[in-house]
**Student:** 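I'd like to ask some things about the structure below.
Heavy-atom basis, side chains included; hydrogens, waters and symmetry copies ignored.
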Amino acid sequence: ILSVPTGRVAIDISIAEASSPDAVTSRARARADGVVARTREREKHRRYPGPHLVAAVLEAGGRMGREFRAFLRAHAPRDDRRSTPVSGRM
């Protein structure tokens, strides 16, 4: 549980593996970037419904899920001289 300016959120962290022993599944996941992260985000929201969950998903290769990336961008400290978060490109 984390307190942020908009209230409290629960951050559920998981690592998702894009490869699969099933060739059909592996090909489907490889067709578009972030498919595995988006799938895991949906699974987390089905399991824990409600507005106070951040599904913090990282793919095993390092790709960050959209929801986690958006959360970090929204809460990263900003440098007034830059238009991007202090940590650089996310």
**Student:** Assess the residue pair Val54 and Asp12 against the criterion (side-chain contact (heavy atoms from CB on, under 4.5 Å)); give the C-alpha distance rounded to whole Å, side-chain angles, the decisive distance to 0.1 Å, and a yes or no.
**Tutor:** CA-CA 6 Å; Val54 174; Asp12 188 326; over 6 Å; no
**Student:** Check Ala37 against Gly65 and note the closest heavy-atom contact, atom names and distance.
**Tutor:**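 Of all heavy-atom pairs spanning Ala37 and Gly65, the closest is CB-CA, 3.7 Å.
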**Student:** Verify the cluster assignment for Val9 and Leu72: are they in a single hydrophobic cluster under the rule of side-chain heavy atoms below 4.5 Å apart?
**Tutor:**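 Linked, Val9 and Leu72 end up in one cluster.
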**Student:** Closer than 3.5 angstrom, by distance alone: can the side chain of Glu41 be matched with the main-chain N or O of Glu67 as a donor-acceptor pair?
**Tutor:**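 Checking the backbone N and O of Glu67 against the side chain of Glu41, a donor-acceptor pair under 3.5 Å is found.
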**Student:** Looking at Arg8 and Ser3, would you say the former's side chain and the latter's main chain have a donor-acceptor pair under 3.5 Å?
**Tutor:**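 No; judged by distance alone, with no hydrogens or angles, the pair does not exist.
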**Student:** Identify the two heavy atoms, one from Glu59 and one from Gly34, that lie closest to each other, and give their separation to 0.1 Å.
**Tutor:**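 The pair with the smallest heavy-atom distance is OE2-CA, 3.2 Å.
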**Student:** Do the side chains of Arg63 and Asp33 get nearer than 4.5 Å, heavy atoms only?
**Tutor:**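 Yes, side chains in contact.
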**Student:** Which atoms form the tightest heavy-atom contact between Arg40 and Ile15, and what is the distance?
**Tutor:**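 Closest heavy-atom pair between Arg40 and Ile15: NH1-O, 3.2 Å.
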**Student:** For the residue pair Ala56 and Ile11, what are the closest heavy atoms and their distance?
**Tutor:**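 Closest approach of Ala56 to Ile11: CB-CG2, 3.7 Å.
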**Student:** Check this for me, if you would: do Arg46 and Glu43 make a salt bridge, where the nitrogen-to-carboxylate-oxygen distance has to be below 4.0 angstrom?
**Tutor:**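 Judged by the 4.0 Å cut-off on N to carboxylate O distance, Arg46 and Glu43 do not form a salt bridge.
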**Student:** Are more than 12 heavy atoms from other residues, nucleotides or ligands located less than 6.0 Å from atom NE2 of His52?
**Tutor:**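 No.
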**Student:** Show the nearest heavy-atom pair for residues Val36 and Ala16, with the distance to one decimal.
**Tutor:**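 Heavy atoms of Val36 and Ala16 come nearest at CG1-CB, 3.2 Å.
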**Student:** Do Leu53 and Ile13 share a hydrophobic cluster (ILVMFWY, side-chain heavy atoms under 4.5 Å, transitive)?
**Tutor:**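 Cluster IDs for Leu53 and Ile13 differ.
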**Student:** Quick one, Arg38 and Arg66 - any side-chain contact, counting heavy atoms below 4.5 Å?
**Tutor:**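 In contact.
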**Student:** How close do Ala55 and Lys44 get, counting heavy atoms only, and between which atoms?
**Tutor:**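 Closest approach of Ala55 to Lys44: CB-CB, 4.0 Å.
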**Student:** With heavy-atom distances below 4.5 Å as the criterion, would you say the side chains of Val57 and Phe68 are in contact?
**Tutor:**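 With C-beta onward as the side chain, the pair stays apart.
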